[in-house]
Amino acid sequence: MYPNRKSALAAAALLAAAAAAVAGCGGGTAGTTGRSAAGCPAVLEQARADVRKAESTDSSWTGPTTGPAAVPGKSIVYVAQTMTNPGVAGVAQGLQQAARAIGWQVRVIDGEGSPAGIQAALSQAVTLKPSGIVIGGFDPRPTSRQVARAEAAGIPLIGWHAVDSPGPSTNPPLVTNITTKVQDVARISADWVIARSDGRAGVVLFTDDSIPFARTKADLIKQRLTACPGVELLAYENIPIPDASRRTPQEVSSLLSRFGGKWTHSVAINDLYFADAAPALRAAGKPGGGPPANIGAGDGDPSAFQRINSRQYQAATVPEPLSQQGWQIVDEFNRAFAGRPASGYVAPVHVVTADNSGGATSWDPRGYQEAYEKIWRG
């Protein structure tokens with residue numbers, strides 16, 4: 001078949017390279033660039049299906065409809081990681097609304113984003129001797145002394161994004177931790193990039209490794225992106241949230257210089273990175289609709305919705321139902337005060353874009369307030 005050994009070896013090498021390309025892309029067909037025509041067909045097909053499901057606007061309440069009547073006369077202190085974090089602030093607002101509905105008192109203490117500030121805020125909360133304390137968006141481990149004081153005083157703790165998983169925790173001692181499932185949020189964020197790019201993207205990932213929840217989310221996003229060989233993680237940007245407004249514009253300018261047109265998509269563990277990235281992208285002449293096309297893997301604050309709705313440097317978010325989660329904190333405390341277990345409710349994953357937002361500036365399941373108020377009335 002081949003006139004000489006050299007030609008045969010060359011042909012064999014070409015066949016081996018082609019076979020490797022097909023195997024690496026899940027059986028895809030080679031395109032003109034040498035990649036699979038769709039990056040990874042099986043992964044791409046699944047990503048598209050999952051994103052379509054997550055973008056559905058059917059958000060009827062699937063949470064608890066039964067539980068104990070309101071226990072009167074309680075007080076809650078919400079210790080915030082930093083109120084400059086829109087997710088933390090949004091939950092605080094929902095908590096205050098729910099407290100008014102049930103007839104309790106709420107106080108918010110801002111940890112201002114630093115370890116010392118958070119420790120001082122939690123110490124102050126314990127000193128106030130409330131009925132319960134909320135760990136609002138920070139890792140409880142560096143505050144173990146304050147947590148131990150609260151436990152010794154018999155003050156129950158509920159976390160919001162305090163640990164990686166939803167539900168009760170023994171270490172740290174939490175009645176429950178309220179969050180969407182980080183695995184679901186991470187996967188759908190990565191799947192959105194895979195689906196939108198047809199399996200070919202250059203991605204920058206923004207995160208805050210000082211927050212265990214965020215670090216886990218970022219690691220899971222990275223893992224899912226690697227499922228498609230046509231998706232390349234260009235950079236992993238570890239920017240603490242309290243430093244985001246100062247550092248993000250500089251980092252974005254540097255990334256644009258380094259990667260240019262290779263940078264097609266971004267994922268951030270929190271939408272606020274895109275608020276800080278927008279000026280640098282605008283100054284570089286990048287269009288508001290991308291590239292890069294940006295998705296926030298939480299928290300879905302109003303400013304993120306505004307950027308999405310106006311197609312200005314953010315295309316999507318995977319929102320936490322921030323107000324509902326504030327109401328859930330109150331309901332979970334009420335269950336604990338009544339000697340009942342946590343509800344176990346976890347909000348479903350959802351993706352918001354300009355095409356399905358309906359112009360809204362937040363996302364919450366329909367009917368949650370009415371459901372909780374009916375429970376508390378008994």
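Residue numbers run from 1 in the order of the sequence given. Values reported hereafter were calculated over all heavy atoms of this structure, with side chains retained and with hydrogens, waters and symmetry mates removed.
Legend: ring pair (Phe, Tyr, Trp, His ring centres under 6.0 Å) pairs involving residues 92-139, not counting sequence neighbours, sorted by first then second residue: Trp104-Phe337. The salt bridge (charged side-chain N to carboxylate O under 4.0 Å, His left out) contacts involving residues 308-332 comprise Arg311-Asp355, Asp331-Arg335, where partners must be two or more places apart or lie in separate chains. Within the structure, salt bridge (charged side-chain N to carboxylate O under 4.0 Å, His left out) pairs that include any residue of residues 120-139 comprise Asp139-Arg141 (at least two apart or interchain).
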Would Phe206 and Leu255 count as a side-chain contact (heavy atoms from CB on, under 4.5 Å) here? Give the steps. CA-CA 12 Å; Phe206 296 92; Leu255 291 164; 4.0 Å; yes
Determine, step by step, whether Asp198 and Arg48 satisfy the side-chain contact (heavy atoms from CB on, under 4.5 Å) criterion, reporting the C-alpha distance in whole Å, the side-chain angles of both residues, the deciding distance to 0.1 Å, and the verdict. CA-CA 9 Å; Asp198 290 330; Arg48 286 171 172 163; 2.6 Å; yes
Full working for side-chain contact (heavy atoms from CB on, under 4.5 Å) between Gln81 and Glu112: CA-CA 6 Å; Gln81 180 243 359; Glu112 299 180 346; over 6 Å; no
Determine, step by step, whether Val79 and Val134 satisfy the side-chain contact (heavy atoms from CB on, under 4.5 Å) criterion, reporting the C-alpha distance in whole Å, the side-chain angles of both residues, the deciding distance to 0.1 Å, and the verdict. CA-CA 6 Å; Val79 179; Val134 183; over 6 Å; no
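Listed by chain and number, the hydrophobic cluster partners of Val352 are Phe305, Trp363, where partners are ILVMFWY side chains within reach of under 4.5 Å, directly or through others.
A 4.5 Å side-chain heavy-atom check between Gln314 and Asp271 finds at least one atom pair inside the cut-off. For the pair Ile155/Arg149, no side-chain contact is recorded, criterion being any heavy-atom separation below 4.5 Å from C-beta on. A 4.5 Å side-chain heavy-atom check between Pro229 and Cys40 finds at least one atom pair inside the cut-off. The shortest side-chain heavy-atom distance between Ser266 and Phe274 falls under the 4.5 Å cut-off. Using a 4.5 Å heavy-atom cutoff, the side chains of Gln124 and Arg107 are in contact. Side chains of Ser131 and Phe333 form no contact here, defined as non-hydrogen atoms less than 4.5 Å apart. Looking at Asn177 and Trp160, their side chains never come closer than 4.5 Å, going by heavy atoms from C-beta outward. Counting only heavy atoms from C-beta outward, the side chains of Gln146 and Ser123 approach each other to under 4.5 Å.
The main-chain N or O of Ser253 is found under 3.5 Å from a side-chain atom of Ser257 such that the two form a donor-acceptor pair. Side-chain atoms of Thr226 come within 3.5 Å of backbone atoms of Gln223 as a donor-acceptor pair (strictly under, hydrogens ignored). In this structure, the side chain of Asn356 engages the main chain of Thr353 through a donor-acceptor pair within 3.5 Å. For Ser114 (side chain) and Gly117 (main-chain N/O), a donor-acceptor pair under 3.5 Å exists by modelled atom type. With hydrogens and angles disregarded, a donor-acceptor distance shorter than 3.5 Å links the side chain of Gln328 to the backbone of Tyr345. Not a single donor-acceptor pair under 3.5 Å links the side chain of Asp276 to the backbone N or O of Arg247. Side chain of Asn294 to backbone of Tyr313: a donor-acceptor contact under 3.5 angstrom is found. Under a 3.5 Å cut-off, the side chain of Asn309 and the backbone N or O of Ala354 do not form any donor-acceptor pair. A distance-only check finds a donor-acceptor pair linking the side chain of Ser197 to the backbone of Val193 [under 3.5 Å].
Rounding to the nearest 0.5 Å places OG of Ser144 at 8.5 Å from CD of Gln119. With rounding to the nearest 0.5 Å, the separation of NZ in Lys374 from OG1 in Thr65 is 7.5 Å. To the nearest 0.5 Å, the span separating CD1 on Ile194 from CD on Glu45 amounts to 13.5 Å. Between atom CG of residue Asp299 and atom CG of residue Asn85 there is a gap of 5.5 Å, rounded to the nearest 0.5 Å. Taking OG1 of Thr317 as the reference point, atom CG of Asp301 lies at 7.5 Å (rounded to 0.5 Å). To the nearest 0.5 Å, atoms CD1 (Ile109) and CG (Leu122) are separated by 8.5 Å.
Under a cut-off of 6.0 angstrom, the local environment of NZ in Lys181 is sparse, with at most 12 non-hydrogen atoms contributed by other residues, nucleotides or ligands. Enclosure of atom CZ in Arg145 is not indicated, since only 12 or fewer non-hydrogen atoms of other residues, nucleotides or ligands lie within 6.0 angstrom. Taking a 6.0 Å sphere around NZ of Lys262, one finds it holds 12 or fewer heavy atoms contributed by other residues, nucleotides or ligands.
A chain of hydrophobic side-chain contacts below 4.5 Å, direct or via other Ile, Leu, Val, Met, Phe, Trp or Tyr residues, connects Val43 to Val203. Following chains of ILVMFWY side-chain contacts shorter than 4.5 Å, one can reach Ile178 starting from Ile102, so the two form part of one hydrophobic cluster. Hydrophobic clustering keeps Val346 apart from Leu95 (ILVMFWY residues linked when any side-chain heavy atoms are closer than 4.5 Å, directly or through intermediates). Ile211 and Val88 fall into different hydrophobic clusters, where Ile, Leu, Val, Met, Phe, Trp and Tyr residues are linked whenever their side-chain heavy atoms come under 4.5 Å apart, directly or through other members. Both Ile158 and Ile375 belong to a common hydrophobic cluster when Ile, Leu, Val, Met, Phe, Trp and Tyr are linked at side-chain heavy-atom distances under 4.5 angstrom.
When all heavy atoms of Thr264 and Ala201 are compared, the closest pair comes out as OG1-CA, 3.4 Å. Nearest heavy-atom pair, Ser56 versus His350, reported as atom, atom and distance to 0.1 Å: O-CE1, 3.0 Å. When all heavy atoms of Leu44 and Gly199 are compared, the closest pair comes out as CD1-N, 4.0 Å. In plain terms, the two heavy atoms of Leu174 and Ile135 that are nearest each other are CD2-CG1, 4.3 Å. Of all heavy-atom pairs between Gly300 and Pro319, the closest is CA-CB, 3.7 Å. Minimum interatomic distance between Asp50 and Asp191 (heavy atoms only, all atoms of both residues): OD2-OD2, 3.6 Å.
No hydrogens or angles considered: nothing links the side chains of Gln369 and Glu373 as a donor-acceptor pair under 3.5 Å. With 3.5 Å as the limit, one finds no donor-acceptor pair spanning the side chains of Asp208 and Asn270. Side-chain contact, Asp364 with Ser323: no donor N or O sits under 3.5 Å from an acceptor N or O.
Taking the six-membered ring where tryptophan is involved, the planes of Trp376 and Trp327 are essentially parallel, since the angle between them stays under 30° and well short of 60°.
Asp209 is linked by a side-chain hydrogen bond (donor to acceptor under 3.5 Å, both in side chains) to Tyr236, counting only residues two or more places apart in sequence or in another chain. Under the side chain to side chain contact (heavy atoms under 4.5 Å, CB included) criterion, Ala297 pairs with Val185, Ser189, Lys217, Ile221, Val267, not counting sequence neighbours.
With Tyr273 as reference, Ile241 is the one residue of Ile241, Thr207, Val252, Val204 to meet the side chain to side chain contact (heavy atoms under 4.5 Å, CB included) rule.
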